[in-house]
Amino acid sequence: MEVNRMDVRAFIDRFERYGDRTAFLWREESYSYRWLAREIRSASNQLERLGIRRGVVSLEEEDSPYAAAALFALLRLGCIVLPIDRRLPNEKVREYLAVGEAQARVRAEERGVSATPCGEGTVRHELLVSLLTEEAPGLVVFSSGSTGRSKAAVHRADRLLKKFERAGRANVTIAFMKFGHIGGLNTLLQTLANGGTLCFLNDRSPEEVCRTIERHRAEALPASPTFLNLLLLSEAWRRFELSSLKVVSYGSEPMPPATLAAWNARFPWVRTVQAYGMSELGVLPTKSRGSDSLHFSLRGGEGAYRLVDGMLEIKSESAMVGYLNAPSPFTEDGWLRTGDEAVVEDGYLRILGRRSEMINVGGEKVYPAEVEGVLERIEGVEAVVVEGEPSGITGQLVKATVKLRPGAEMSLGELRRAIREFCADKLPPYKIPQKIALTTESLTGDRLKKVRHAAGAASVGAASIGAGIEDGSPLSAGTRACLGGCGGTRSGEVTCCGPQPITQSQSNDTR
């Protein structure tokens, strides 16, 4: 199939035309598009002198105007780029470099770019070799890897750029996601393609985001549902003038209905849009049914979708060409299996959750986001992560790890009772958590979305209590015997699972 593409150089040519418009705001300084075009040329010349051309390289830097210029310079030189946040642990960086077969490591700072050889210097993977042979610049985007090794998705840069061929509204946008995340790359490309202004953050705290919106009259904020909930809970919005904000797009994880309702109630003048994207697809243009709706459709002819056995499959020109370190997720006829369970209602899509995260309680499906959305409405609760754990009776049980708001005091027993009473008329019995854990640790990763662990993994820094046992009560021998093989105590913590719900369906459906 012939794919429409957009040449990287044609994309960069726009920067000259945008001239003195402000492209970036960073460390209280503004950088124009004219500066960006000049910096790209300068970085290209420096990189060529360093022998960097048509190779596989990492770009290891914090997000900045200089890092953005180096990224475009590398693509202009026909390179395949691995954008890596330099604050990642060394072990994770080494993993990315090895999987991506990087030949050099590039840094970009105010004083210029630098490059250091690394690896064997030989590119072997067929996807990388194919792009280099075609002289097609590319990007390798890594998944978060929260439950295991990160997957490396290989993209053709021209296909990612194609959807920005037609310029849109020039917004002042908050750079919330990092360049190493597909959402961060999309924000960068969309903002610059439209001649907008990208505001870099000193940190991603609610306070800093609100301060930046006020100071620069920011109009657009792309963020995760988890962050939007944290911003609401922090009440930082009370201390800043946020009337300039016009649109908030959210994605990367399911949005709890309660969070969406609370956000819209607090910011009724802001349009909220559900984005849909993943490392393998890029971010597709969507149209939400309304600011208060979790339903959306794909727009602009950028992709087609279908549901196969309840799972969403998408065909799009912006999809990756493949993984470097995982089996192909494409069907024989070219559809990408997203791994998302979804339904179509009144012509709109609604994402239920990741199939890999679905909990099967005696044949009944439980989607973590639904349970989290209920528990996070309990007074004193800041964040919740729900996941499945093995059960000898129902196959799996629902476990909730809870972080309380600052200043909130609640014992394990009090939390258990609060959950049981609050959920009684809001969730069926099989969805109510049978295992509760309290933690003071963050429940989000570096991409500010919730981190889930493989079934049965211990919660770091968490104390657990069985849903059927009073706080501080000893486990009796009879209690140990009747519960699904949980083994009683571990490292001094109560970890018993509590009584299991008996569900009507006992089928083996694990879809």
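Not measured: the values here are computed from a predicted model.
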Between atom [atom1] of [X] and atom [atom2] of [Y], what is the distance when rounded to the nearest 0.5 Å?
X: L281; Y: S316; atom1: CG; atom2: OG; answer: 6.0 Å
X: S391; Y: I359; atom1: OG; atom2: CD1; answer: 12.0 Å
X: L312; Y: R355; atom1: CG; atom2: CZ; answer: 10.5 Å
X: E29; Y: F24; atom1: CD; atom2: CZ; answer: 14.5 Å
X: K399; Y: K435; atom1: NZ; atom2: NZ; answer: 5.0 Å
X: D292; Y: N264; atom1: CG; atom2: CG; answer: 6.5 Å

[X] versus [Y], closest heavy-atom pair with distance:
X: C423; Y: L375; result: SG-CD2, 3.4 Å
X: F142; Y: A152; result: CE2-CB, 3.5 Å
X: P225; Y: G251; result: CD-O, 3.3 Å
X: K151; Y: N325; result: CA-OD1, 3.6 Å
X: M177; Y: D63; result: O-OD2, 3.9 Å
X: A342; Y: I351; result: CB-CD1, 4.0 Å

Is there a side-chain contact between [X] and [Y] in this structure, where contact means two heavy atoms from C-beta onward sitting under 4.5 Å apart?
X: V398; Y: E389; result: no
X: V247; Y: V273; result: yes
X: L307; Y: V344; result: yes
X: L185; Y: L160; result: no
X: V106; Y: S58; result: no
X: E60; Y: I84; result: yes
X: L298; Y: P285; result: no
X: Y305; Y: E313; result: no

Test your reading of the model: is there a side-chain donor-acceptor pair from [X] to the backbone of [Y], 3.5 Å cut-off?
X: T187; Y: A175; value: no
X: T272; Y: S291; value: yes
X: W237; Y: L232; value: yes
X: S249; Y: Q274; value: no
X: H155; Y: S279; value: yes
X: S64; Y: Y66; value: yes
X: E214; Y: E241; value: yes
X: E208; Y: N202; value: yes
X: K162; Y: D158; value: no
X: R350; Y: V343; value: no

Audit row: L349, Y276, side-chain contact (heavy atoms from CB on, under 4.5 Å) steps and yes/no: CA-CA 11 Å; L349 277 168; Y276 186 80; over 6 Å; no
So for atom [atom1], which belongs to [X], do other residues, nucleotides or ligands contribute more than 12 heavy atoms lying within a distance under 6.0 Å?
X: K426; atom1: NZ; value: yes
X: R271; atom1: CZ; value: no
X: D203; atom1: CG; value: yes
X: R86; atom1: CZ; value: yes

Could you tell me how the ring of W263 sits relative to the ring of F267: parallel (under 30°), tilted (30 to 60°) or perpendicular (over 60°)?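 Tilted: the ring planes of W263 and F267 meet at 30° to 60°.
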Do [X] and [Y] have a side chain donor and acceptor closer than 3.5 Å?
X: S224; Y: T226; result: no
X: T173; Y: N171; result: no
X: S234; Y: E207; result: no

May I have the step-by-step check of salt bridge (charged side-chain N to carboxylate O under 4.0 Å, His left out) for K431 and E370, ending in yes or no? CA-CA 9 Å; K431 292 184 180 181; E370 178 188 3; 2.7 Å; yes
Residues [X], [Y]: salt bridge by 4.0 Å N-O rule:
X: R27; Y: E62; value: yes
X: E414; Y: R416; value: no
X: E219; Y: R169; value: yes
X: D340; Y: R354; value: yes

Using the test ring-ring contact (aromatic ring centres under 6.0 Å, His included), find all partners of F179 that sit at least two apart in sequence or belong to another chain.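 Checked F179 against ring-ring contact (aromatic ring centres under 6.0 Å, His included); zero matches.
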Output all residues satisfying ring-ring contact (aromatic ring centres under 6.0 Å, His included) with Y323, sequence neighbours left out; order by chain, then residue number.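 Listed in chain order: nothing, the list is empty.
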Derivation and outcome, ring pair (Phe, Tyr, Trp, His ring centres under 6.0 Å), residues F15 and F72: CA-CA 11 Å; F15 304 157; F72 284 107; 5.3 Å; yes
Is it the case that R21 places NZ or CZ above or below the six-membered ring of Y33, under 6.0 angstrom from the centre and within 45 degrees of the axis?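 Negative - R21 is either too far from the ring of Y33 or too far off its axis.
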Contacts of A167 that satisfy side-chain contact (heavy atoms from CB on, under 4.5 Å) - sequence neighbours left out: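 Once residues adjacent in sequence are excluded, the partners of A167 under the side-chain contact (heavy atoms from CB on, under 4.5 Å) criterion are R14, Y18, N194.
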Run the ring-centre check on F176 versus F227 and record whether the distance is less than 6.0 Å.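 Under 6.0 Å, so yes.
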Report the C-alpha separation of V384 and V381 in whole Å, then their side-chain angles, then the decisive distance to 0.1 Å, and conclude whether the side-chain contact (heavy atoms from CB on, under 4.5 Å) test is met. CA-CA 8 Å; V384 180; V381 171; 3.6 Å; yes
Could you go through Y31 and L198, starting from their C-alpha distance and side-chain angles, then the distance that decides it, and tell me whether this counts as side-chain contact (heavy atoms from CB on, under 4.5 Å)? CA-CA 10 Å; Y31 297 76; L198 195 62; over 6 Å; no
Derivation of the side-chain contact (heavy atoms from CB on, under 4.5 Å) call for L260 and Y250: CA-CA 10 Å; L260 183 60; Y250 59 88; 4.0 Å; yes
